[in-house]
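First up is the structure itself, then whatever we jot down about it.
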Amino acid sequence: MSYLILALHILALILASGALRWVLAPMWGAAAALAYFKPDDRAATTNYIYFFLAGNAGLLFAYRIAALLVSGTPEPGATTLYGISVWLLGFAVMSAIGFYAYILRFLFWDRLTPFFGGRMTTREVLRQVKRQ
C-alpha cells in the first residue's frame with residue numbers, strides 16, 4: 001500500500017502547480033523524520049500519514065480534472081467548475097498544512113503533556129493487554 005501511495009504522491013507532484021510542488025515535495029521527508037525520531041509512535045501515526053498523502057493526491061487529481069473541464073464548458077457551468085477547482089486547490093493546500101502540523105505535533109510535543117492526555121506507547125498497550 002505504501003508504494004501505491006508513493007506513486008499517487010509522485011503523480012500529484014507532476015500535476016501540481018510550480019509553487020505547490022515546493023509545499024508537497026518534502027512530505028515524505030517529514031514522515032521519515034517522524035518515523036526516525038519517534039519509533040514508538042510509528043504504529044499510531046503511519047495510517048494517518050498515508051491518509052494525508054492519499055487525500056492530498058486525490059484533491060490534486062480532482063483539481064486538475066475540474067480545471068480541464070472548465071475549458072470545454074459553456075459559460076454558466078464554466079464559472080461553477082472554476083469555483084470548484086479553486087476550492088479543491090485550496091483544500092489540497094490546507095491538507096498539506098494539516099499534514100505538517102500533524103508531523104510537528106508528534107515531533108516536538110512531549111507525549112505526556114495535557115494535550116495528549118498521557119498517551120501510552122504501542123508496546124505499553126500490548127503489555128497491558130497481555131496482562132489482562
Side-chain angles (χ1 to χ4, degrees):
M1 177 165 169
S2 59
Y3 293 117
L4 177 66
I5 293 174
L6 176 64
L8 286 174
H9 185 72
I10 290 172
L11 286 174
L13 279 173
I14 292 169
L15 292 176
S17 304
L20 188 56
R21 288 183 186 141
W22 288 99
V23 175
L24 301 178
M27 285 178 133
W28 282 98
L34 177 65
Y36 179 77
F37 289 114
K38 299 284 187 170
D40 289 336
D41 291 333
R42 285 181 194 160
T45 60
T46 302
N47 286 336
Y48 291 110
I49 287 171
Y50 287 158
F51 290 144
F52 269 116
L53 290 168
N56 192 290
L59 286 168
L60 283 170
F61 288 136
Y63 159 71
R64 280 298 180 187
I65 290 170
L68 287 174
L69 291 175
V70 168
S71 62
T73 306
E75 185 47 44
T79 304
T80 304
L81 281 173
Y82 179 75
I84 290 171
S85 71
V86 170
W87 275 94
L88 289 169
L89 184 62
F91 285 143
V93 171
M94 291 306 293
S95 71
I97 291 170
F99 174 81
Y100 291 121
Y102 180 79
I103 296 289
L104 290 174
R105 181 187 102 176
F106 271 94
L107 276 177
F108 295 112
W109 285 1
D110 186 21
R111 288 178 292 131
L112 300 176
T113 60
F115 293 112
F116 291 103
R119 285 187 321 112
M120 297 178 3
T121 63
T122 307
R123 293 181 183 133
E124 293 170 353
V125 171
L126 290 174
R127 275 189 238 129
Q128 187 175 7
V129 168
K130 285 180 183 178
R131 275 187 251 140
Q132 293 175 357

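Atom CG of Leu88 sits about 7.5 Å away from atom CZ of Phe91, to the nearest 0.5 Å.
Residues Phe106 and Leu53 fall within the same hydrophobic cluster, defined by Ile, Leu, Val, Met, Phe, Trp and Tyr side chains chained together at heavy-atom separations under 4.5 Å. Criterion: ILVMFWY side-chain heavy atoms under 4.5 Å apart, direct or through other members. Under it, Val93 and Ile103 are part of a common hydrophobic cluster. At a threshold of 4.5 Å between side-chain heavy atoms, the hydrophobic network of Ile, Leu, Val, Met, Phe, Trp and Tyr places Trp28 and Leu59 in one connected group. Taken together through direct or relayed side-chain contacts under 4.5 Å among Ile, Leu, Val, Met, Phe, Trp and Tyr, Ile49 and Tyr36 form part of one hydrophobic cluster. Val86 is not connected to Leu89 by any chain of hydrophobic side-chain contacts under 4.5 Å among Ile, Leu, Val, Met, Phe, Trp and Tyr, and they are in different clusters.
A donor-acceptor pair under 3.5 Å is absent between the side-chain atoms of Ser71 and the main chain of Ala67, judged by distance alone.
Under the side chain to side chain donor-acceptor pair (under 3.5 Å) criterion, the residue pairs touching residues 52-70 are Asn56-Ser95, with sequence neighbours excluded.
Closest approach of Ala96 to Val23, counting heavy atoms only: CB-CG1, 3.9 Å.
By the 6.0 Å contact criterion, OH on Tyr48 is open, its count of non-hydrogen atoms from other residues, nucleotides or ligands being 12 or less.
With sequence neighbours excluded, the residues that form a ring-ring contact (aromatic ring centres under 6.0 Å, His included) with Phe99 are Phe52. Tyr82 pairs by the ring-ring contact (aromatic ring centres under 6.0 Å, His included) definition with nothing, not counting sequence neighbours. With sequence neighbours left out, the side-chain contact (heavy atoms from CB on, under 4.5 Å) criterion links Thr46 to Arg42, Tyr50.
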Side-chain donor-acceptor pairs of residues 4-20 under 3.5 Å, sequence neighbours excluded:
from : atom 1 : to    : atom 2 : distance (Å)
His9 : NE2    : Leu24 : O      : 3.1

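The hydrophobic side chain of Leu68 is isolated, with no ILVMFWY side chain under 4.5 Å apart from it.
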